[in-house]
K.L.:
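Before I ask anything, let me first share the structure, which is written out below as C-alpha cells.
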Amino acid sequence: MSENIINHNEEYEQQRIRREKLEALQATGKDPFHQVKYDVTAYSKDIHEGFDGLEGQKVGVAGRVMTKRVMGKASFIDVQDKLGRIQVYVRRDDIGEAEYTEFKAYDIGDIVGVQGEVFRTQKGEVSVKADHVTLLAKSLHVLPEKWHGLKDTEARYRQRYVDLIVNPDIKEVFVKRTAILKAIRSFLDGRGFLEVDTPVLQTVSAGAGGTARPFLTHHNTLDLDMYLRIALELPLKRLIVGGLDRVYELGRCFRNEGMSTKHNPEFTMLELYQAYTDYHGMMELTESMFRQVALDVLGTAVVPCGEYEIDLAKPFARITMVDAVKQYSGVDFNGISTLEEARAVAKKHNVHFETHHGKGNILESFFDEFVEKHLIQPTFITDHPTDISPLTKRKPDNPEYTERFELFIMSREMCNAYSELNDPIDQRQRFAHQEALRAAGEEEAAMTDHDFIQALEYGMPPTGGLGVGVDRLFMLLTDSASIRDVIFFPTMKPV
C-alpha cells in the first residue's frame with residue numbers, strides 16, 4: 001500500500017471521528033454552529049504588546065486552535081486570530097469539570113472563544129488563563145502536514161483558505177497587498193485625482209494598446225454578445241472629454257491569454273488620465289508614485305527582490321526602444337527604412353514575425369528577444385512604434401514612433417503610458433488599421449469603438465495616461481516570484 005493511500009485513509013478516519021464528535025454535541029443540544037456571535041475584546045498581538053497594562057485584566061479572545069497539550073487536570077492551547085497567536089491555559093478547577101471534559105474533545109482546527117485573565121506563566125509566556133472556553137465552529141478536516149504548513153504549491157493556490165491558516169507568511173503578503181492599494185489611492189488623491197468606476201461588460205473590446213484577446217459572454221435579455229473589459233482606458237478618456245481632468249480606477253480586467261508567473265487571466269489594473277500633460281508628466285508621476293508607495297508600505301525605497309536590491313530612490317533610467325535594441329542586439333532600426341529590410345534582419349537574427357507584422361512589430365520582437373531580460377533596475381523604455389500603439393500620439397518630429405513608454409523592473413513590464421491620441425481623424429485611421437490586422441488573423445487587435453471616436457470629436461484636451469499592472473507591483477514589493485502568490489484566488493484548472 002502506497003504512502004499516499006495510507007495518508008488518505010488516516011485523513012478519512014480523522015474526518016469520521018470529527019463528524020461523530022459533532023453529532024454527539026448536536027444530540028445534547030450543544031451544536032457549535034448555532035453560535036451566532038462572540039464578544040472579542042482583545043487580539044493576540046494587543047495582549048503581547050500591551051501586557052503591562054492588561055496583566056490581571058479579563059479579556060475575550062477568539063480564533064482557531066493550532067496546538068493542544070492536555071496534561072490531566074490542566075491543558076494549554078494556542079489560539080490563532082487575525083493578528084497572531086496567544087497561549088491559553090485551561091484548568092479543570094477554573095472552568096468546571098463538565099466544560100473541561102468537553103474541552104478535551106476539541107480538535108486542532110476548531111474555532112473557540114475564550115474568556116479569561118491575562119497573566120504570565122512560570123516560563124514567562126504571556127497567556128490567558130481561561131474562565132470559559134466555548135466551541136464556536138467545529139473543524140471537520142485535519143489541517144495539513146501535521147499543522148506545520150501546506151507545502152504543495154498547487155494545493156496552496158486552490159485552497160487559499162487553508163494556506164492562510166497554516167502559512168503565516170502568506171497572510172502578511174496579503175496584508176501588504178491591501179496596504180499597497182491604500183498607498184496608491186492616498187498618493188493619487190493627494191494629487192487631485194478622482195476615483196471612478198467604469199463598466200466591466202462592454203460591447204466593444206478595445207484599449208490595452210489594442211493587444212489583448214477578450215473573454216466573450218452573452219446578455220440574455222438584450223440578446224447581445226458582450227466582452228469582459230481588457231482595459232479601463234476608453235471609458236476613462238470619455239470622462240476626460242466630459243471635463244473630469246484627473247481620474248483613476250483600480251479595477252479588475254480580463255484577458256483570454258496564456259498563464260505564467262507574470263500573467264493571470266483576471267488581474268488588477270490601475271489606470272489614470274490627467275488632462276494638460278504628456279508622457280513626460282506620466283514618467284514623473286510613475287516614478288514618484290512607485291517610490292512613495294514603497295516608502296509608505298515598506299519604510300524604504302530600496303526593495304529586496306530575489307537576488308537583487310531594486311533601488312526606487314534613484315532616478316529611473318530612460319532609453320528609447322530603438323536605442324535599447326541597438327545596445328543589446330547591435331541592430332539599429334534607425335537605419336532600416338523598409339519592411340523588407342526589417343524582415344531580412346529579423347531572419348538573420350532568428351527573430352520570429354508573422355506575415356501581417358509591420359516594421360514596428362518586428363522592432364518590438366527584437367526588444368522582447370534581446371532587451372527585456374536585461375532590464376532589472378527601473379528603466380523607462382520610450383518612443384514605441386506607431387504600428388503597435390493605436391491609441392498614442394505620434395512624435396511630431398518622427399511620426400513612425402509615438403510618445404509612449406513602458407516601465408520595466410526585474411525584466412517585467414510594470415506599466416504602460418502615453419501622450420494620449422486626441423485627434424479623432426487619426427484615431428479612426430488607427431482603428432481601421434487594427435481592423436485590417438484582425439481580418440488578417442491578429443486576434444488581439446483592437447475593435448473600432450465608434451462612440452469613443454465621437455467622444456474625441458467633441459474635443460479631448462492634451463492628456464497623459466498611465467496603466468499599471470498592480471499585481472506585478474505587489475510581486476515587487478512583497479518579493480514574490482509568481483503572480484499567483486499575490487492573488488487571493490488565482491485562476492486554476494479544475495482538478
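On a predicted model such as this, the values are computed, not experimentally measured, just so you know. By convention here, the first residue in the shown sequence is residue 1.
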K.L.:
Under 6.0 Å from the CD1 atom of I425, do we count more than 12 heavy atoms belonging to anything else shown?
P.N.:
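It does not: I425 CD1 has 12 such atoms or fewer within range.
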K.L.:
Please find the pair of heavy atoms, one from A346 and one from I362, that lie closest to each other, and give the distance.
P.N.:
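The answer is CB-CG2, 3.9 Å.
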K.L.:
Is there a donor-acceptor contact under 3.5 Å from the side chain of S411 to the main chain of K373?
P.N.:
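Yes, the answer is positive, given that a donor and an acceptor are paired below the 3.5 Å cut-off.
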K.L.:
Taking the six-membered ring for Trp, are F174 and F488 parallel (under 30°), tilted (30 to 60°) or perpendicular (over 60°)?
P.N.:
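Geometry flag for F488 against F174: parallel rings.
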K.L.:
Is there side-chain contact between Q434 and R438, with heavy atoms separated by less than 4.5 Å?
P.N.:
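A side-chain contact under 4.5 Å is absent here.
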K.L.:
Drop me the distance from L188's CG to E195's CD, to the nearest 0.5 angstrom.
P.N.:
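CD of E195 is found 9.0 Å from CG of L188.
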K.L.:
Hey, are the side chains of M282 and L272 touching, using non-hydrogen atoms and a 4.5 Å cut-off?
P.N.:
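Side-chain contact under 4.5 Å: yes.
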K.L.:
Does K237 come within less than 4.0 Å of E271, counting only side-chain N to carboxylate O?
P.N.:
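Looking at E271 together with K237, the answer is no, because their closest N to O distance does not fall below 4.0 Å.
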K.L.:
Rounded to the nearest 0.5 Å, what separation is found between the CD1 atom of I180 and the NZ atom of K182?
P.N.:
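Between atom CD1 of I180 and atom NZ of K182 there are 13.5 Å.
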K.L.:
Side-chain contact test, heavy atoms from C-beta onward, threshold under 4.5 Å: evaluate it for Q377 versus D311 and give yes or no.
P.N.:
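A side-chain contact exists here, since the closest heavy-atom pair is under 4.5 Å.
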K.L.:
Does any part of the side chain of D107, heavy atoms only, come nearer than 4.5 Å to the side chain of Q14, both counted from C-beta?
P.N.:
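No. Closest side-chain heavy atoms not under 4.5 Å.
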K.L.:
Might you point out which heavy atoms bring A62 and V79 nearest each other, and give the distance in Å?
P.N.:
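Here A62 and V79 meet closest at C-CG1, 4.0 Å.
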K.L.:
For V65 and I108, what are the C-alpha separation, side-chain angles and deciding distance, and is it a side-chain contact (heavy atoms from CB on, under 4.5 Å)?
P.N.:
CA-CA 5 Å; V65 177; I108 303 296; 4.2 Å; yes
K.L.:
Do the side-chain N and O atoms of E341 and S337 include a donor-acceptor pair separated by under 3.5 angstrom?
P.N.:
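A donor-acceptor contact under 3.5 Å links the two side chains.
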K.L.:
For the side chain to side chain contact (heavy atoms under 4.5 Å, CB included) test, which of L391, D383, T386, T382 pairs with T402?
P.N.:
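Testing each of L391, D383, T386, T382 against T402, the sole residue satisfying side chain to side chain contact (heavy atoms under 4.5 Å, CB included) is T386.
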K.L.:
Any side-chain heavy atom of V325 within less than 4.5 Å of one from V371?
P.N.:
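Yes, close enough: below the 4.5 Å cut-off.
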K.L.:
Does the pair L228 and V200 meet the rule for a side-chain contact (heavy atoms from CB on, under 4.5 Å), with working shown?
P.N.:
CA-CA 6 Å; L228 298 183; V200 173; 4.2 Å; yes
K.L.:
Measuring from N398:CG to N334:CG, what's the distance to the nearest 0.5 Å?
P.N.:
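The CG atom of N398 sits 7.5 Å away from the CG atom of N334.
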K.L.:
Would you check if the distance from the ring center of F316 to the ring center of F405 is below 6.0 Å?
P.N.:
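Between F405 and F316, which both carry aromatic rings, the centre distance is not below 6.0 Å.
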K.L.:
Could you list the residues that satisfy ring pair (Phe, Tyr, Trp, His ring centres under 6.0 Å) with Y43, not counting sequence neighbours?
P.N.:
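Once residues adjacent in sequence are excluded, Y43 has no partner under the ring pair (Phe, Tyr, Trp, His ring centres under 6.0 Å) criterion.
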K.L.:
Please lay out, stage by stage, how D471 and N264 fare under the test side-chain contact (heavy atoms from CB on, under 4.5 Å).
P.N.:
CA-CA 9 Å; D471 296 303; N264 191 69; over 6 Å; no
K.L.:
So does R472 pair up with E406, basic N to acidic O under 4.0 Å?
P.N.:
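No, R472 and E406 are not salt-bridged.
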K.L.:
Using only heavy-atom distances, determine whether the side chains of S288 and Q292 contain a donor-acceptor pair under 3.5 Å.
P.N.:
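Looking only at side-chain atoms, Q292 and S288 do not form any donor-acceptor pair under 3.5 Å.
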K.L.:
Are R160 and L164 close enough, and set up right, to give a side-chain contact (heavy atoms from CB on, under 4.5 Å), and what steps lead you there?
P.N.:
CA-CA 6 Å; R160 184 67 82 190; L164 290 167; 4.1 Å; yes
K.L.:
Got a sec: does the NZ of K359 have more than 12 other heavy atoms crowding it under 6.0 Å?
P.N.:
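Yes.
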K.L.:
So does K45 pair up with D81, basic N to acidic O under 4.0 Å?
P.N.:
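So K45 does not pair with D81 through a salt bridge.
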K.L.:
If you measure from CG on L466 to CD on E233, what distance do you get to the nearest 0.5 Å?
P.N.:
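Separation between the atoms: 11.0 Å.
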K.L.:
Of all the heavy-atom pairs spanning E435 and T448, show the shortest one and how long it is.
P.N.:
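So the minimum-distance heavy-atom pair works out to OE2-N, 2.9 Å.
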K.L.:
Considering all heavy atoms of both residues, which atom of Q15 and which atom of L140 are nearest to each other, and what is their separation?
P.N.:
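Nearest pair, atom of Q15 first, then L140: CG-O, 3.4 Å.
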K.L.:
Treating R229 as the side-chain partner and C253 as the backbone partner, does any N or O pair qualify as donor plus acceptor under 3.5 Å?
P.N.:
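No.
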K.L.:
With rounding to the nearest 0.5 Å, note down the distance linking CZ in R252 to CG in L232.
P.N.:
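Taking CZ in R252 and CG in L232, the distance rounds to 11.5 Å.
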K.L.:
Quick one: does K326's side chain get under 4.5 Å of F333's, heavy atoms only?
P.N.:
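The answer is no, as the side chains (C-beta and beyond) never meet within the 4.5 Å cut-off.
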K.L.:
Is there a donor-acceptor pair closer than 3.5 Å between any side-chain N or O of R428 and the backbone N or O of I453?
P.N.:
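No, R428 side chain to I453 backbone: no donor-acceptor pair under 3.5 Å.
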K.L.:
Hey, does the side chain of S419 reach the backbone of Y279 with a donor-acceptor pair shorter than 3.5 angstrom?
P.N.:
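The answer is yes, because a donor-acceptor pair under 3.5 Å joins these two groups.
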K.L.:
Please examine the side chains of F290 and V303, heavy atoms only from C-beta on, and report whether any two atoms are closer than 4.5 Å.
P.N.:
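A side-chain contact under 4.5 Å is absent here.
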K.L.:
So, R484 and E154, do they make that salt bridge, N to O below 4.0 Å?
P.N.:
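So R484 pairs with E154 through a salt bridge.
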K.L.:
Side chains of S482 and D485: do they bring a donor and an acceptor to under 3.5 Å?
P.N.:
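No - no donor-acceptor pair under 3.5 Å links their side chains.
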K.L.:
Does the side chain of S480 pick up a donor-acceptor pair with the side chain of R177 at under 3.5 Å?
P.N.:
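Absent: no donor and acceptor within the cut-off.
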K.L.:
Can you tell me if H219 and D225 form a side-chain donor-acceptor pair at under 3.5 Å?
P.N.:
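Short answer, no.
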K.L.:
At their closest point, which heavy atom of S260 faces which heavy atom of H263, and how far apart are they?
P.N.:
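Answer, listing the atom of S260 first, then H263: OG-ND1, 2.8 Å.
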K.L.:
Looking at R412 and L473, would you say the former's side chain and the latter's main chain have a donor-acceptor pair under 3.5 Å?
P.N.:
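Judged by distance alone, no pair lies under 3.5 Å.
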K.L.:
Quick check against the 3.5 Å criterion: does R64 have a side-chain atom that pairs as donor or acceptor with the backbone of Q80?
P.N.:
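It does not hold such a pair.
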K.L.:
Show the nearest heavy-atom pair for residues A301 and R291, with the distance to one decimal.
P.N.:
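The pair with the smallest heavy-atom distance is CB-CG, 4.2 Å.
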K.L.:
Quick one about T491 and E266 (side-chain donor to acceptor, distance below 3.5 Å, no hydrogens or angles considered), yes or no?
P.N.:
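No, because no side-chain N or O of E266 sits under 3.5 Å from a partner of the opposite role on T491.
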K.L.:
Look only at the side chain of D278 and the backbone of T463, and say whether a donor-acceptor pair between them is shorter than 3.5 Å.
P.N.:
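Absent.
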K.L.:
Taking the side chain from H48 and the backbone from R85, do they hold a donor-acceptor pair closer than 3.5 Å?
P.N.:
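Looks like yes, one N/O pair under 3.5 Å.
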K.L.:
Determine yes or no for a side-chain-to-main-chain donor-acceptor pair under 3.5 angstrom, with H357 supplying the side chain and E354 the backbone.
P.N.:
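Pair found, side chain donor or acceptor close to backbone of E354.
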K.L.:
Salt bridge check: are D451 and R238 linked by an N-O gap of less than 4.0 Å?
P.N.:
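Yes, D451 and R238 are salt-bridged.
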K.L.:
Roughly how far, to the nearest 0.5 Å, is the CE atom of M269 from the CD atom of E249?
P.N.:
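It comes to 11.0 Å.
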K.L.:
Between R394 and D426, is there a side-chain N and carboxylate O pair less than 4.0 Å apart?
P.N.:
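Salt bridge between R394 and D426, a charged N being under 4.0 Å from a carboxylate O: yes.
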K.L.:
Given side chains that start at C-beta, do those of M447 and S205 come closer than 4.5 Å, heavy atoms only?
P.N.:
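With C-beta onward as the side chain, the pair touches.
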K.L.:
Any carboxylate oxygen within less than 4.0 angstrom of a Lys/Arg side-chain nitrogen, looking at R404 and E364?
P.N.:
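No, no charged N to carboxylate O under 4.0 Å.
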